[in-house]
Amino acid sequence: MIYLHKILPTFILPIMLVIIVILIGLIKNKKKLIYIAIGVLYIISTPIFSNNFFKLVEGSEYRKPISAIDSADAIVVLSGMLEINEVGDSTYIEWGDPDRFFGGIALFKAGKAQKLVFTGGKMPWDKAKKTEGEVLKEYAISNGIPSEKIFVTKDVENTADEAVAVKELISPSKRIILVTSAYHMYRAKRLFEKQGFIVITYKVDYKVSGNNHVTFMDFLPSAINLELAEIGMREIIGRTYYIIKGITNPRFNKTKIFFCIKINS
């Protein structure tokens with residue numbers, strides 16, 4: 001199932017749609033379609049589009065100071081920030097963005113909870129033996145966190161799995177501080193609420209600044225901005241998936257998940 005979740009969205013993301021439209025234009029000798037596809041590709045690859053679009057996905061709330069975060073039973077840090085490469089007996093870590101990890105560490109050291117939970121993120125195609133959570137636990141210990149205060153869930157493949165695994169690991173703890181990327185928080189919060197948690201959000205890993213000053217550079221396309229637009233669109237697809245699941249699955253909490261249709265959290 002995880003393969004379908006990762007592959008199917010590709011066919012409705014901008015780059016694939018642009019390729020399909022160009023191919024149709026070439027096959028049917030419709031130059032107008034090709035020009036439209038190129039125009040769309042240009043627009044979504046510019047900072048003025050991708051930044052404003054992604055800001056909607058992240059929401060208007062900026063990162064909170066730790067002093068403003070209430071205490072809870074546990075701090076839960078979601079996976080998705082590093083790549084594990086194992087070569088022989090050596091393990092090499094490539095960090096994508098460490099904000100989730102250091103956000104969780106800072107919250108724990110500030111005394112916001114007595115449990116620090118990492119999720120065991122691991123995809124079926126990952127060759128590494130260790131999960132992301134296991135690696136993060138080692139880093140947390142090296143940062144002065146007592147090992148007995150750190151918990152790692154079983155292997156998980158997506159956010160819904162993480163919510164279930166955390167419940168199995170630390171139940172009956174109910175009040176948690178959830179640490180994840182700003183753009184991912186809206187969906188993650190509702191999936192954890194579905195498992196009965198009272199969720200205090202701590203958004204990190206903001207991709208877009210609050211600076212609205214427009215310059216000439218905002219109209220120049222780049223692969224980075226195209227990637228940003230696609231990350232945002234993948235998140236919207238994920239939210240839409242759970243809306244549909246909420247409609248078709250009577251056990252799903254429709255009241256909470258329905259409002260995922262709102263992009264702005």
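Just so we're clear, the structure is a prediction, and the values are computed from it rather than from any experiment. Along the sequence shown, the residues carry numbers beginning at 1.
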Checklist outcome for this item: Shortest non-hydrogen pair, Gly121 vs Ser79, comes out as N-OG, 3.2 Å
Checklist entry - Is the NZ or CZ atom of Arg100 positioned over Phe102's six-membered ring, under 6.0 angstrom from the centre and within 45° of the axis? => result no
Checklist entry - For the residue pair Glu162 and Val156, what are the closest heavy atoms and their distance? => result CG-CG2, 3.6 Å
Next on the checklist: Are Ile145 and Lys109 packed together at the side-chain level, in the sense that at least one heavy-atom pair is separated by less than 4.5 angstrom?
Outcome noted: yes
Next on the checklist: Could you work out, with side-chain hydrogen bond (donor to acceptor under 3.5 Å, both in side chains) as the rule, every residue matching Asp161, not counting sequence neighbours?
Outcome noted: none
Next on the checklist: Is there a continuous path of hydrophobic side-chain contacts, each under 4.5 Å between heavy atoms, that joins Phe118 to Val204?
Outcome noted: yes
Checklist entry - Lys167: what forms a side-chain hydrogen bond (donor to acceptor under 3.5 Å, both in side chains) with it, not counting sequence neighbours? => result none
Item to check | Reported CD-to-NZ distance for the pair Glu134 and Lys129, which is rounded to 0.5 angstrom | outcome: 12.0 Å
Checklist entry - Are Ile19 and Ile38 co-members of a hydrophobic cluster defined by side-chain heavy atoms under 4.5 Å apart? => result yes
Checklist entry - Within the distance-only criterion (no hydrogens, no angle test), does the side chain of Gln114 pair as donor or acceptor with the backbone N or O of Lys149 below 3.5 angstrom? => result no
Checklist outcome for this item: Rounding to 0.5 Å, atoms CG (Leu116) and CD1 (Ile170) come to a distance of 10.5 Å
Checklist entry - Salt bridge check: are Lys122 and Glu157 linked by an N-O gap of less than 4.0 Å? => result no
Item to check | Minimum heavy-atom distance between Ile66 and Ala106, given as atom pair plus value | outcome: CD1-CB, 3.3 Å
Next on the checklist: Quick one, Arg190 and Lys194 - any side-chain contact, counting heavy atoms below 4.5 Å?
Outcome noted: no
Checklist outcome for this item: side-chain hydrogen bond (donor to acceptor under 3.5 Å, both in side chains) filter on Lys112, not counting sequence neighbours, yields none
Checklist entry - Taking only residues two or more places apart in sequence, or in another chain, which ones meet Glu138 in a side-chain contact (heavy atoms from CB on, under 4.5 Å)? => result Lys130
Next on the checklist: Whether the Ser173 and Lys115 side chains hold a donor-acceptor pair (N or O, under 3.5 Å, no angle test) is what I'd like checked.
Outcome noted: yes
Checklist outcome for this item: With sequence neighbours left out, the residues meeting ring pair (Phe, Tyr, Trp, His ring centres under 6.0 Å) with Tyr202 are none
Checklist entry - Within a strict 4.5 Å, meaning less than it, do heavy atoms of the Leu136 and Val152 side chains meet? => result no
Next on the checklist: Check for me, please, whether Ile200 and Phe197 land in the same ILVMFWY cluster - side-chain distances under 4.5 Å, paths through other members count.
Outcome noted: no
Distance-only criterion, 3.5 Å: show the donor-acceptor pairs between side-chain atoms of residues 219-233 and protein atoms not counting sequence neighbours.
{"unit_1": "Ser222", "atom_1": "OG", "unit_2": "Asn225", "atom_2": "N", "d": "3.3"}
{"unit_1": "Ser222", "atom_1": "OG", "unit_2": "Asn225", "atom_2": "ND2", "d": "2.6"}
{"unit_1": "Asn225", "atom_1": "OD1", "unit_2": "Ser50", "atom_2": "OG", "d": "2.9"}
{"unit_1": "Glu230", "atom_1": "OE2", "unit_2": "Ile15", "atom_2": "N", "d": "3.0"}

Checklist outcome for this item: So the salt bridge (charged side-chain N to carboxylate O under 4.0 Å, His left out) pairs with at least one residue in residues 33-52 (sequence neighbours excluded) are none
Checklist outcome for this item: What one should report as the nearest heavy-atom pair of Ile177 and Ala72 is CG1-CB, 3.7 Å
Checklist entry - Step by step, would you call Lys154 with Glu168 a salt bridge (charged side-chain N to carboxylate O under 4.0 Å, His left out)? => result CA-CA 9 Å; Lys154 65 183 181 182; Glu168 293 174 352; 3.0 Å; yes
Next on the checklist: For Leu26 and Ile22: C-alpha separation, side-chain torsions, deciding distance, then whether side-chain contact (heavy atoms from CB on, under 4.5 Å) applies.
Outcome noted: CA-CA 6 Å; Leu26 290 172; Ile22 289 176; 4.1 Å; yes
Next on the checklist: Quick one, Ile176 with Ile75, criterion side-chain contact (heavy atoms from CB on, under 4.5 Å). Give me CA distance, side-chain angles, the key distance, then yes/no.
Outcome noted: CA-CA 6 Å; Ile176 65 169; Ile75 299 161; over 6 Å; no
Checklist entry - ring-ring contact (aromatic ring centres under 6.0 Å, His included) between Phe54 and Tyr183: does it pass, once the steps are laid out? => result CA-CA 8 Å; Phe54 205 83; Tyr183 72 89; 5.5 Å; yes
Next on the checklist: Angle between ring planes, Tyr139 versus Phe101, binned at 30° and 60°: parallel, tilted or perpendicular?
Outcome noted: perpendicular
Item to check | Pairwise distance CG(Asn158) to OG1(Thr119) - rounded to 0.5 angstrom | outcome: 10.5 Å
Item to check | side-chain contact (heavy atoms from CB on, under 4.5 Å) assessment of Gln195 paired with Val164 | outcome: CA-CA 7 Å; Gln195 296 302 321; Val164 172; 3.5 Å; yes
Checklist entry - Out of curiosity, Glu61 CD to Met185 CE, how far, rounded to the nearest 0.5 Å? => result 8.5 Å
Next on the checklist: Quick test of your reading: applying side chain to side chain donor-acceptor pair (under 3.5 Å), list the pairs with at least one residue in residues 64-73, sequence neighbours left out, ordered by first then second residue.
Outcome noted: none
Item to check | Distance (rounded to the nearest 0.5 Å) between Glu148 CD and Ile141 CD1 | outcome: 9.0 Å
Checklist entry - With sequence neighbours excluded, what pairs up with Ile84 under the side-chain contact (heavy atoms from CB on, under 4.5 Å) test? => result Leu82, Glu86, Thr91, Ile93, Ala128, Val135
Checklist entry - Should Tyr35 and Leu41 be counted in the same cluster of Ile, Leu, Val, Met, Phe, Trp and Tyr side chains packed under 4.5 Å apart? => result no
Item to check | Backbone N/O of Val199 and side chain of Glu193: donor-acceptor pair under 3.5 Å | outcome: no
Checklist entry - Are any non-hydrogen side-chain atoms of Trp95 and Pro98 less than 4.5 angstrom apart? => result yes
Item to check | Closest contact, heavy atoms only, His213 versus Asp218 | outcome: O-OD2, 3.6 Å
Checklist entry - Roughly how far, to the nearest 0.5 Å, is OG1 of Thr180 from CZ of Arg187? => result 9.0 Å
Next on the checklist: Is there a continuous path of hydrophobic side-chain contacts, each under 4.5 Å between heavy atoms, that joins Val179 to Phe151?
Outcome noted: no
Next on the checklist: According to side-chain hydrogen bond (donor to acceptor under 3.5 Å, both in side chains), who are the partners of Thr153, at least two apart in sequence or on a separate chain?
Outcome noted: none
Checklist entry - Between Asp99 and Arg63, is any pair of side-chain heavy atoms under 4.5 Å apart? => result yes
Item to check | Contacts of type side-chain contact (heavy atoms from CB on, under 4.5 Å), residue Lys32, not counting sequence neighbours | outcome: Ile36
Next on the checklist: Suppose we screen for side-chain contact (heavy atoms from CB on, under 4.5 Å). Which residues come up paired with Pro172, at least two apart in sequence or across chains?
Outcome noted: none
Next on the checklist: Just so I know, are the side chains of Tyr241 and Ile236 near enough to count as touching, which here means a heavy-atom distance under 4.5 Å?
Outcome noted: no
Next on the checklist: Quick check: closest heavy atoms across Asp97 and Met81, and the distance to 0.1 Å?
Outcome noted: O-CB, 3.1 Å
Checklist entry - Can you check side-chain contact (heavy atoms from CB on, under 4.5 Å) on Val117 and Val77, steps first, answer last? => result CA-CA 6 Å; Val117 181; Val77 180; over 6 Å; no
